[in-house]
Amino acid sequence: MGACVQKVDILAIGVHPDDIELACSGTLLRHMEEGKTVGLLDLTRGELGSRGSAEIRRREANKAAEMMGVSFRWNADMADGFFQITPENTTKVIQFIRACQPTIVLANALHDRHPDHGRAAKLVAEACFYSGLLRIETKDKEGNPQEKWRPDNVFHYIQDRNLTPDFVVDITPYIDRKMEIIMAYTSQFHSPEAEEYAQEVSTPISGAQFKNFLRAKAASYGRETGYDFAEGFNVTRVPGVKDLFSLG
């Protein structure tokens, strides 16, 4: 999708293409149906993935974004597996945040099986803070100075490991659409009709049972709050509510 610069309510950031779809696409679908605008940012192209290729994953990511109906999808072109929290990479994320001025940022899990996830979570959280500092100067793609901007909240979606959520979002009406969107990544997940990937190496997410695991995980997060399916999130800063009745 085109890298159109526009303000959005929620910016979802994932270090690999498909991170967002797997962990928080149901939440994004819910908020878009409620009238909120959403943009996506992938930090890398997932070029170290055992299946497919960076170009294939780019096409799949664009298809998934179109299926979700988001405002845009950008890629920061960091090095998969080898990116670090450097001034250069932090500045890249700051530029994206200042360009679309989100109220909420969704980021990778605070810690997880894949080491990229926790490192990306820290990079994004730091960039969200520094983006609000006046003396950090950045420019947009036309070379114009950007205004400082700090999102109100950064929420970290839960990924592979079963972390205890600080809150969950009801995605019951969206679970089937979420699974359809995930399957846009035919190179990564079990898809019998995608014969071109049948001979590729098996991975922890390419087996036929992985989709069952995703549904079971969403059901587990929903169970404690009375939802059929939910997505879980962690916070590093306690969010406030105006009154007790805002908690549902």
Side-chain angles (χ1 to χ4, degrees), residues 1-46 54 57-78 83 88-108 120-121 123-134 136-157 169 171 174 177-178 180-182 184-185 231 233 239:
M1 297 184 70
C4 178
V5 177
Q6 61 190 101
K7 179 173 173 54
V8 292
D9 298 307
I10 301 173
L11 177 64
I13 303 177
V15 64
H16 309 115
D18 75 23
D19 282 356
I20 292 167
E21 288 83 351
L22 287 168
C24 67
S25 57
T27 297
L28 298 178
L29 290 170
R30 167 173 284 283
H31 284 82
M32 283 189 286
E33 188 166 283
E34 294 172 354
K36 302 300 184 184
T37 53
V38 171
L40 310 182
L41 171 63
D42 301 312
L43 298 185
T44 79
R45 299 196 180 275
R57 297 187 76 173
R58 182 192 65 80
R59 295 197 301 266
E60 292 171 341
N62 287 344
K63 180 180 178 180
E66 290 172 2
M67 292 173 69
M68 271 192 281
V70 298
S71 298
F72 59 77
R73 186 168 209 151
W74 292 328
N75 196 293
D77 286 316
M78 297 182 193
F83 76 94
E88 179 185 4
N89 284 337
T90 303
T91 299
K92 278 186 177 182
V93 180
I94 290 172
Q95 288 173 309
F96 285 118
I97 292 168
R98 288 177 171 179
C100 61
Q101 299 182 339
T103 302
I104 293 173
V105 168
L106 304 183
N108 284 99
L123 169 61
V124 171
E126 290 187 3
C128 285
F129 179 84
Y130 291 132
S131 183
L133 297 184
L134 178 66
I136 294 181
E137 298 178 359
T138 58
K139 295 182 179 180
D140 62 21
K141 62 180 182 179
E142 282 81 32
N144 301 312
Q146 292 179 307
E147 295 182 5
K148 67 184 181 69
W149 182 269
R150 182 173 295 151
D152 290 349
N153 285 293
V154 180
F155 300 133
H156 297 271
Y157 47 80
V169 175
I171 64 162
Y174 309 99
R177 282 185 62 194
K178 170 177 176 165
E180 291 172 2
I181 290 166
I182 288 170
Y185 293 90
E231 290 171 339
F233 295 83

Enquirer: Arg98 and Ile136: which non-hydrogen atoms are nearest, and at how many Å?
Expert: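 Minimum heavy-atom contact is NH1-O, 2.8 Å.
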
Enquirer: In a check of side chain to side chain contact (heavy atoms under 4.5 Å, CB included) between Arg45 and each of Met78, His16, Arg58, which one passes?
Expert: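 Among the candidates, only Arg58 passes.
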
Enquirer: Residues in ring pair (Phe, Tyr, Trp, His ring centres under 6.0 Å) with Phe96, at least two apart?
Expert: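 Phe96 satisfies ring pair (Phe, Tyr, Trp, His ring centres under 6.0 Å) with Trp74 once adjacent residues are dropped.
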
Enquirer: Testing Val8, Ile104, Leu29, Ile10 one by one against Val38 for a side chain to side chain contact (heavy atoms under 4.5 Å, CB included), which residue passes?
Expert: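 By the side chain to side chain contact (heavy atoms under 4.5 Å, CB included) criterion, Val38 pairs with just one of Val8, Ile104, Leu29, Ile10: Ile10.
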
Enquirer: Going from CD1 on Ile94 to NZ on Lys148, what distance comes out if it is rounded to the nearest 0.5 angstrom?
Expert: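 Here the interatomic distance stands at 13.0 Å.
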
Enquirer: Determine, step by step, whether Thr138 and Gln95 satisfy the side chain to side chain donor-acceptor pair (under 3.5 Å) criterion, reporting the C-alpha distance in whole Å, the side-chain angles of both residues, the deciding distance to 0.1 Å, and the verdict.
Expert: CA-CA 6 Å; Thr138 58; Gln95 288 173 309; 5.4 Å; no

Enquirer: One thing to verify: whether Arg57 and Asp18 come together as a salt bridge, which I'm taking to mean a side-chain N less than 4.0 angstrom from a carboxylate O.
Expert: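 Judged by the 4.0 Å cut-off on N to carboxylate O distance, Asp18 and Arg57 do form a salt bridge.
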
Enquirer: Report the distance from atom CG of Asp19 to atom OG of Ser25, rounding to the nearest 0.5 Å.
Expert: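 Here the interatomic distance stands at 11.5 Å.
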
Enquirer: Where is the tightest heavy-atom contact between Gly26 and Glu231, given as atom of each residue plus distance?
Expert: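 In this case the closest contact between Gly26 and Glu231 is N-OE2, 3.0 Å.
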
Enquirer: Step through the shown structure and confirm whether more than 12 heavy atoms of other residues, nucleotides or ligands are within 6.0 Å of OH on Tyr130.
Expert: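 Result for OH/Tyr130: open.
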
Enquirer: Looking only at heavy atoms, which two atoms of Leu41 and Ala76 are closest? And how far apart?
Expert: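 Answer, listing the atom of Leu41 first, then Ala76: CD1-N, 3.9 Å.
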
Enquirer: Are the side chains of Thr27 and Tyr157 in contact, using a 4.5 Å heavy-atom criterion?
Expert: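 When only atoms from C-beta onward are counted, Thr27 and Tyr157 do not touch, as no gap falls below 4.5 Å.
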
Enquirer: Taking only residues two or more places apart in sequence or in another chain, which ones pass ring pair (Phe, Tyr, Trp, His ring centres under 6.0 Å) with Phe233?
Expert: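 Testing Phe233 for ring pair (Phe, Tyr, Trp, His ring centres under 6.0 Å), a comparison that skips the adjacent residues, returns Phe167.
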
Enquirer: Mind checking the OG-CE spacing from Ser71 to Met32? Nearest 0.5 Å is all I need.
Expert: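 Ser71 OG to Met32 CE: 8.5 Å, rounded to 0.5 Å.
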
Enquirer: Of the non-hydrogen atoms in Leu133 and Arg150, which two are nearest, and what is the gap between them?
Expert: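 Nearest pair, atom of Leu133 first, then Arg150: CD2-NH2, 3.6 Å.
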
Enquirer: Do any N or O atoms from the side chain of Thr90 and from the backbone of Ala127 form a donor-acceptor pair under 3.5 angstrom?
Expert: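 A pair under 3.5 Å: no.
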
Enquirer: Rounded to the nearest 0.5 Å, how far apart are NZ of Lys178 and SG of Cys24?
Expert: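 These two atoms lie 8.0 Å from each other.
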
Enquirer: Does the distance from a Lys or Arg side-chain N to an Asp or Glu carboxylate O, for Arg73 and Glu21, drop under 4.0 Å?
Expert: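 Looking at Glu21 together with Arg73, the answer is yes, because their closest N to O distance falls below 4.0 Å.
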
Enquirer: Between NE2 of His31 and OH of Tyr174, what distance do you get to the nearest 0.5 Å?
Expert: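 These two atoms lie 9.5 Å from each other.
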
Enquirer: Find out whether Pro151 and Trp149 are in side-chain contact, i.e. whether some heavy atom of one side chain is under 4.5 Å from a heavy atom of the other.
Expert: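 When only atoms from C-beta onward are counted, Trp149 and Pro151 do touch, with a gap below 4.5 Å.
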
Enquirer: Can you measure from CD (Gln146) to CG (Asn144) and round to the nearest 0.5 angstrom?
Expert: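 Taking CD in Gln146 and CG in Asn144, the distance rounds to 9.0 Å.
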
Enquirer: Shortest non-hydrogen contact from Ile97 to Pro102?
Expert: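 Taking every non-hydrogen atom into account, O-CD, 3.4 Å.
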
Enquirer: Taking all non-hydrogen atoms of both residues, which atom of Ala120 and which atom of Asn108 are closest, and how far apart?
Expert: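 Looking at all heavy atoms of both residues, the shortest contact is CB-OD1, 3.6 Å.
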
Enquirer: With side chain to side chain contact (heavy atoms under 4.5 Å, CB included) as the test, pick out the partner of Ile13 among Leu43, Asp42, Leu106.
Expert: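 Option passing the side chain to side chain contact (heavy atoms under 4.5 Å, CB included) with Ile13: Leu43.
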
Enquirer: How far apart are the C-alpha atoms of Leu11 and Phe72, what are their side-chain angles, what is the distance that settles it, and do they pass the side chain to side chain contact (heavy atoms under 4.5 Å, CB included) test?
Expert: CA-CA 10 Å; Leu11 177 64; Phe72 59 77; 4.1 Å; yes

Enquirer: Hey, are the side chains of Val15 and Phe83 touching, using non-hydrogen atoms and a 4.5 Å cut-off?
Expert: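 Yes, side chains in contact.
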
